[in-house]
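Inspection log for the structure reproduced underneath, given as structure tokens.
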Amino acid sequence: MASRFWVFVTSILALILFGVIILQVLNETGETNSYALLAQSFLNGQFSSLSACFDEDCIEFAGKTYVIFPPLPAVLSMPFVAVFGVQFSGFILISLFLFVGTGVVWWAIIRRLGKGKSIAFLFVLAILFSSPLFYITIRGDRVWFFAQSISFFSLSLALYYVLNKGDSYRSVVFAGILIGISFLSRQMTILIAPFIFAILIEDKLPLFTINKDRLTKFILMAIPIALAIGIYFIYNYLRFGSIMDTGYQYLIPSNVDSAGVFMYQRIIDLGIFNADYFLFNIVHLLFQGLNIEFVGQYLNTIGSISPTGTALLVASPFLFFLALTPIAKKSETSENTIFSPRVIIIGVISCLIIIGIILFYHSNGTSQYNVQRYTLDWLPVAFIVLATALRKDMLPLFAALVSFGIMLNIVTMVVLSITT
């Protein structure tokens, strides 16, 4: 009875946020996503933009304007830009399709792990509406968020293939292609590849055993990933004359004197990466609560909400269930999949490397509200491990935590609606 009640409550709250997404789709205007400009450049056989960017994260190099981000989202946008031009206003709609597709994929993943329909349903609601995925979907009209939607969907589908068809070499190739797609949207997600490969070789053999099956899987997965890296290197070389030059080093305001925003000031004074960013980033990742500022003589009027986000475990408290992750004594797959220690350890290492890099980055994801959106680069690892921990008797507490996370998103949307 308690489980049904919480499923009902969580569903109602999720429907409210789904309505917010629909409103965003209906209200989207064109000329906000710079990937439209990059798609137009590709259609014209060039890499530089013909006009000023729609956002502040473009650069000037050798007298030309460039969208510095990885190219794949622009490639996917080319058919739409070819038809509607750079005024195309359907990026949030595309993000919505990716959002729904992600939910379908994770439903299949959870069922493949041996979990019941109730667990799968609540888990999908958690991923869609109580994680940063909701926020990047409603902001899909901007270049950064659109790329993350593509990347997260690609990584989710890669995990589905290695779980659902782990014995098929074709699924290994698909997984490699999807990791490559994710990399060409969000570069650091390539660091999840070792974790995905570890799932592929879940067997009773020692980790460093080399046999024909493992070697074949490694080659088949590595080839499309290497191809994606090669494409990115060539892309960098054709733009900036060096395969390792991504353009980020040129990311400075065109008018330094007007750089009042703290992010610009950071870039000007401290650079893209600096140890001085660590404290700010670690506090916001782990400890920062939902920061709503009250103003007025009596401090009883809502003035603003922090654009630097809310700590992951505050915004998505259901992730505390990671503490209950079971660990298999031997690598095995049963009715309920439990990962071996080596898979979990490799997953943790992959996540920590990504987190470690971001902690020294000039941005923790700004602008963002009630999320730490960069966590989506590694959250697929956490989600699939977390799914192995859930049992039916945990559903009421799990659903309550998911509902709380959704409520925070609803509160955030309300505050934003009255302050912006």
Side-chain angles (χ1 to χ4, degrees), residues 105-116 119-120 123 126-127 152 154-176 178-179 182 188-222 225 318-356 375-394 398:
V105 170
W106 277 98
W107 170 275
I109 288 174
I110 305 307
R111 296 290 286 153
R112 177 62 183 84
L113 292 173
K115 305 301 178 179
I119 290 178
F123 202 90
I127 292 174
F152 192 87
S154 300
L155 289 178
S156 300
L157 196 54
L159 287 170
Y160 166 78
Y161 272 112
V162 298
L163 276 179
N164 206 49
K165 302 174 182 177
D167 294 330
S168 169
Y169 289 141
R170 183 181 301 177
S171 69
V172 178
V173 175
F174 285 154
L178 290 163
I179 294 170
S182 179
M188 282 201 302
T189 56
I190 198 172
L191 296 171
I192 292 181
F195 172 75
I196 294 177
F197 184 72
I199 295 177
L200 275 174
I201 60 171
E202 271 282 64
D203 51 38
K204 297 180 180 180
L205 297 175
L207 176 60
F208 295 106
T209 299
I210 299 176
N211 57 25
K212 182 179 178 180
D213 179 66
R214 286 187 172 185
L215 186 60
T216 302
K217 287 179 177 178
F218 176 81
I219 293 173
L220 291 177
M221 194 174 91
I225 295 175
F318 66 90
L319 287 169
F320 278 108
F321 274 83
L322 280 168
L324 304 178
T325 300
I327 299 177
K329 294 182 179 179
K330 295 183 179 180
S331 301
E332 59 184 15
T333 300
S334 60
E335 183 179 350
N336 286 284
T337 300
I338 300 176
F339 293 125
S340 64
R342 69 188 185 198
V343 170
I344 295 174
I345 290 171
I346 291 172
V348 169
I349 292 173
S350 298
C351 294
L352 288 177
I353 292 174
I354 296 174
I355 293 170
T375 60
L376 288 174
D377 291 343
W378 54 267
L379 272 176
V381 176
F383 286 153
I384 199 168
V385 172
L386 171 62
T388 66
L390 295 180
R391 301 189 311 268
K392 196 169 182 178
D393 60 304
M394 300 175 178
F398 181 76

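All heavy atoms count here, side chains included; hydrogens, waters and symmetry mates do not.
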Minimum-distance pair of heavy atoms, taken over all atoms of [X] and [Y]:
{"X": "Trp106", "Y": "Ser156", "result": "NE1-OG, 2.8 Å"}
{"X": "Asp377", "Y": "Ile192", "result": "O-CD1, 2.8 Å"}
{"X": "Met221", "Y": "Ala193", "result": "CE-O, 3.6 Å"}
{"X": "Ile344", "Y": "Pro326", "result": "CD1-O, 3.9 Å"}
{"X": "Pro206", "Y": "Arg214", "result": "O-NH1, 2.8 Å"}
{"X": "Leu155", "Y": "Ser182", "result": "CG-OG, 3.4 Å"}

Spell out, as yes or no, whether a donor-acceptor pair under 3.5 Å connects the side chain of [X] to the backbone of [Y].
{"X": "Lys217", "Y": "Leu200", "answer": "yes"}
{"X": "Arg342", "Y": "Ala198", "answer": "no"}
{"X": "Ser350", "Y": "Leu191", "answer": "yes"}

With side chains defined as the heavy atoms from C-beta onward, is the minimum distance between [X] and [Y] less than 4.5 Å?
{"X": "Thr325", "Y": "Leu322", "value": "yes"}
{"X": "Phe383", "Y": "Leu159", "value": "no"}
{"X": "Val343", "Y": "Phe195", "value": "yes"}
{"X": "Tyr160", "Y": "Leu178", "value": "no"}
{"X": "Leu324", "Y": "Met394", "value": "yes"}
{"X": "Phe174", "Y": "Leu157", "value": "no"}
{"X": "Leu113", "Y": "Ile384", "value": "yes"}

ask   = Please walk me through it: do Tyr169 and Asp213 pass side chain to side chain contact (heavy atoms under 4.5 Å, CB included)?
value = CA-CA 9 Å; Tyr169 289 141; Asp213 179 66; 2.8 Å; yes

Give, for atom [atom1] of [X] and atom [atom2] of [Y], the distance between the pair rounded to the nearest 0.5 Å.
{"X": "Ile110", "Y": "Lys115", "atom1": "CD1", "atom2": "NZ", "answer": "8.5 Å"}
{"X": "Leu319", "Y": "Thr375", "atom1": "CG", "atom2": "OG1", "answer": "8.5 Å"}
{"X": "Ile225", "Y": "Phe218", "atom1": "CD1", "atom2": "CZ", "answer": "8.5 Å"}
{"X": "Leu215", "Y": "Ile201", "atom1": "CG", "atom2": "CD1", "answer": "11.5 Å"}
{"X": "Ile338", "Y": "Glu202", "atom1": "CD1", "atom2": "CD", "answer": "11.0 Å"}
{"X": "Tyr161", "Y": "Ile179", "atom1": "OH", "atom2": "CD1", "answer": "13.0 Å"}

ask   = Between Phe123 and Phe398, how do the two ring planes meet: parallel, tilted or perpendicular, split at 30° and 60°?
value = parallel

